[in-house]
Every structure is written in C-alpha cells, then in structure tokens.
Amino acid sequence: MKKSTLTLAVALGVLAQQAGAAGFIEDSKATLKLRNFYINSDNRNANSGATQKEWGQGFQLDYTSGFTQGTVGFGVDAIGLYGVRLDSSRAHHGNANSRAYGGIVFPTESNGEAVNDFSSLGATAKVKISQTELRYGTLLPKTPVISYNDGRLLPQTFEGGQIVSNEIKDLTLTAGQIEHVKGRNSSNTEGLSIGGANGGTTYRNGRFSNQFRYAGADYKLTKDLLVQYWYGGLEDFYKQHYLGAVHNWAIGPGVLKSDFRYFHSTDDGKNGDTAAWYTTGYYGGGNTKGKVDNDLYSALFLYTVAGHTFGGGYQVSNGDSDFPWLNQGDGSSNYTITDSQIQKFGRAGERTWQARYSYDFAKVGVAGLTAGVVYLKGDNIDAAVGDRSEWERDITVAYVVPEGPLKNFGVMWKNAVWRSDLAATNHAQDENRVILSYSIPLL
C-alpha cells in the first residue's frame, strides 16, 4: 500500500471513532452538481485539419463534513466524479493515439475512440486546531503557483497535503506538497510535468516528478489592499517566486480594481542540464527547448460602475523560456491575467495587451444574466525568423435562474477565436462551448 493511502486510511479510522461527535454531522454538507457539456473546436488549417467535438453529462458529488468537538477537530471531505459520453466519434475525439492523454473531453479506449464513461473518487482527511487547518488527500488548490482546471466536463484534481493558518489577523499562511494529479479527462493519477517535457501526444515518453512544494502569504494591509508572496517548486523542473498586489479604490460612482503580478522562474535539477527535461521557448538559432528562464510582469485594471465593467491590461514575458506552470499536456490552468479559453499568451519574449468589457443585466431588471468580451493581442514572440504574434477574442453569455423551481439552473455559451503566424502550430482555431449546469443541495 502506498504511504499516502495508508496515512489517509489511518486518519479516516480515527475519524470514524469520533463521527458521532457533535459538529461533525450537524455541520456536514452535500451537493450534487450536474453539468451538461458540449464543445466544438474547429482547427482551421492544414497543420491540424480536424474539428474536435464531444458532448457529455457530468456528475459531481461534493461532501464536506464539520469538525468533531474539542481542541483538535477532525473531519473528512469527499468528491465523486462521473462522466457519461453522449456524443463522440473517432474522427472528432481529438486523439486517435491511444498511448496519449484522452481526447478533448473523454479518456481514450485502446482502439482510439472515446470511452463510454469514466469516474473517480477522492477523499480528504482534515484536522483543525484553532484557526489552522491541515488537509491531506484530494485537493483542488487555487493559488498563484498552482490552480486546478475546471474547463471541461469534470474538474482536474490533485493529491497531496496542505496547511492553511489564519492565526494572525489579516494574514493567511499556506504551505503544501502535491504528489500526483488526475486530469480533467482521466480517471488515472499521473506525475507532474511542464510543457516541452510532458511528452505531448505520447505522454508516456515524457518526464515527470512527484514533488511540487509551495508556500505563500496573503496579507491585507488595509480593507482595500491585499499583498502576496508565494513560492512554488517542481523538483527537477523549476523554482518560481511570485509577488502580487490587489487594490480596490472607490472613484466616483464606481470602483477601480488594480491587479499587479510578477513571477520569477528559474531551472531546477535535471531541467538545467538534461535535454529530456527541458521546457519550451526560444534559445537562439533553431533551439526551441532549454532550461526554465522566465520573468513575467503584468497589470490589469478593472473599473466597475452601474453593472458595467471596463478593463485593460498589459503583460510582458521576458527570458529564453515560455512561462512555466504545472502542465501534464491534458489541459491545465495558470495564474496569469492572460489565461484564456484557447491560449495562455506567455511565450518567450511575448508582449500582450488586452481589453475587456462585461455587463450584469440585473441592473436593468434581468437578474442572473451576464455577458462579457475579452480581446488579447500578443506580439514580439521570439522565433528563428522574425518575431511572431497571436490574438484571441473570447465572448461569454451566461444565465443562472435566480429563484423559483429551477433556481441555480445555469446556461452558458462561450465562443473563442484565435489566430497566429506562429510556426509549427495551428494558426487558426474557432471554438464554441455550451454548458448547462444545476446544483442540488442534499444536506
């Protein structure tokens, strides 16, 4: 039995002896989340030549217990995930290579087709002392240095331990270690990697690590100003330091939100001298892989007034490598202001500006209806023959029923268009997603 499994089993055994204690049952919550997800991703050039489209129904059962009484409180959380294929085909699955990660939504059968269904179960033991909480098991972290992805039928999950402390007023301290990840289109746990080393469409030839350590401090200097420092390090791949500040300033009838972020990323271990562990970027001549070397700066400004939100931002990616983040090659998220529906806009040398607008129709009597558009343009991307560029436009329209028998039922349409003159990639992609969602409280 793996050490992590044994530790969790012992923790659950201790918990079972105290399950009747007041607080554990009374504060328990359970929610069934339903998601009907359709995606059509049209790769509009000869390099790819295929339209990927799949449709499925997802079920996510979340259980959160309270804590047993006493100086030390014990509890347990659980998550059950189940996805059912409603429509797919070998031609549109997005992965005819059964050795690779799954297709655009579902895992892949040995014959290259999408599976009929897939599922997974995760449990998390938790211990609380005063204002400090330790969790071990399945985690869904959302921090500047590690963020789970929830952009498909079922969410990506991680396995490891994390401790969060709020003992000091206005200061939150976090530390953790992640050992495995389960992709958003997979039932299997895998190691951790980055772009360029993860093996791409033949991931079993990639390089992986089972140790990502992270720590961070979030401090509210005032009620309107949050400052952050975080560190994240993936063994044999990279070390990353993050500084951030978020400020809200009431100006006239609205509020201006300023969001500043800086990442400093360098190589670690084998990534510094072993080609199989290199990441992507531009290293001169025809060299597009090498060690991690990136500084990423960004600023985003959002002004909200009377339901309208106007925004603009700018991001600079310096260094020989692309911006690094945990990326197994099967869909992932990072904490940049340019993490968009299709692209990330963090390539070596890239300079990206963005403009955005959204509106909350509750201001005109249609509660639950929102819409927004984002446009990003990145240029100065380092390449062997001149600088390259790319752009993306994303539109989102969403409605959530605010009351009545269908309260919490949601409908969302997401449309994205991406174009570029990058070599050896898809140069054009159009994508539509339609998502129906409904949450049912069970406890």
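Panel note: side chain S28, backbone S65; no donor-acceptor pair is recorded below 3.5 Å. When atom types are taken as modelled, the side chain of S209 and the backbone of E235 share a donor-acceptor pair closer than 3.5 angstrom.
The minimum heavy-atom distance between K182 and S120, with the atom names listed, is NZ-CB, 3.4 Å. Shown here for A371 and F361, the closest heavy-atom pair between the two residues is CB-CE1, 4.0 Å. In plain terms, the two heavy atoms of G102 and H93 that are nearest each other are C-NE2, 4.4 Å.
Between Y242 and Y335, the angle of the ring planes goes over 60°, which puts this pair in the perpendicular group of the 30/60° scheme. Aromatic ring orientation, F263 versus F323: perpendicular (interplanar angle above 60°, classes split at 30° and 60°).
Atom CG in L86 sits 12.0 Å away from atom OH in Y38 (nearest 0.5 Å).
No more than 12 heavy atoms of other residues, nucleotides or ligands lie within 6.0 Å of NZ in K291, so this atom counts as exposed by the packing criterion. The number of heavy atoms from other shown groups lying within 6.0 Å of CD1 (I168) does not exceed 12.
S130 is linked by a side chain to side chain contact (heavy atoms under 4.5 Å, CB included) to E167, counting only residues two or more places apart in sequence or in another chain. With sequence neighbours excluded, the residues satisfying side chain to side chain donor-acceptor pair (under 3.5 Å) with S265 are Q240. Under the salt bridge (Lys or Arg N to Asp or Glu O under 4.0 Å) criterion, E431 pairs with R433, not counting sequence neighbours. With sequence neighbours left out, F260 forms a side chain to side chain contact (heavy atoms under 4.5 Å, CB included) with S258, A299, F301. Judged as a salt bridge (Lys or Arg N to Asp or Glu O under 4.0 Å), and not counting sequence neighbours, K414 has no contacts. Under the rule for a side chain to side chain donor-acceptor pair (under 3.5 Å), the partners of Y82 that lie at least two apart in sequence or sit in another chain are D117. Residues satisfying the side chain to side chain donor-acceptor pair (under 3.5 Å) criterion with K33, sequence neighbours excluded, are D62. Scanning for side chain to side chain contact (heavy atoms under 4.5 Å, CB included) contacts around Y219 gives D170, L171, L221, V227, with sequence neighbours left out. Judged as a salt bridge (Lys or Arg N to Asp or Glu O under 4.0 Å), and not counting sequence neighbours, the contacts of R261 are D259. Partners of T174 by side chain to side chain contact (heavy atoms under 4.5 Å, CB included), not counting sequence neighbours, listed by chain and number: Q162, V164, T172, Y214, W230. Y262 meets the side chain to side chain donor-acceptor pair (under 3.5 Å) test with D295; sequence neighbours excluded.
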If you look only at distance, which donor and acceptor atoms sit under 3.5 Å apart when one is on a side chain in residues 141-149 and the other is two or more places apart or in another chain?
unit_1, atom_1, unit_2, atom_2, d
T143, OG1, V145, N, 3.2
T143, OG1, I146, N, 3.1
T143, OG1, I146, O, 3.1
S147, OG, T143, O, 2.9
N149, OD1, G151, N, 2.9
N149, OD1, R184, NH1, 2.9
N149, ND2, S332, O, 3.4
N149, ND2, S333, OG, 2.8

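Between W353 and Y375, the ring centre distance stays below 6.0 Å.
Ion pairing between a basic and an acidic side chain is recognised when a charged N comes within 4.0 Å of a carboxylate O; D236 and R207 show no such pairing.
At least one cation-pi condition fails for K239 and Y231: the charged atom is not both under 6.0 angstrom from the six-membered ring centre and inside a 45 degree cone around its axis.
With W418 as reference, E390 is the one residue of E392, Q429, E390 to meet the side-chain hydrogen bond (donor to acceptor under 3.5 Å, both in side chains) rule.
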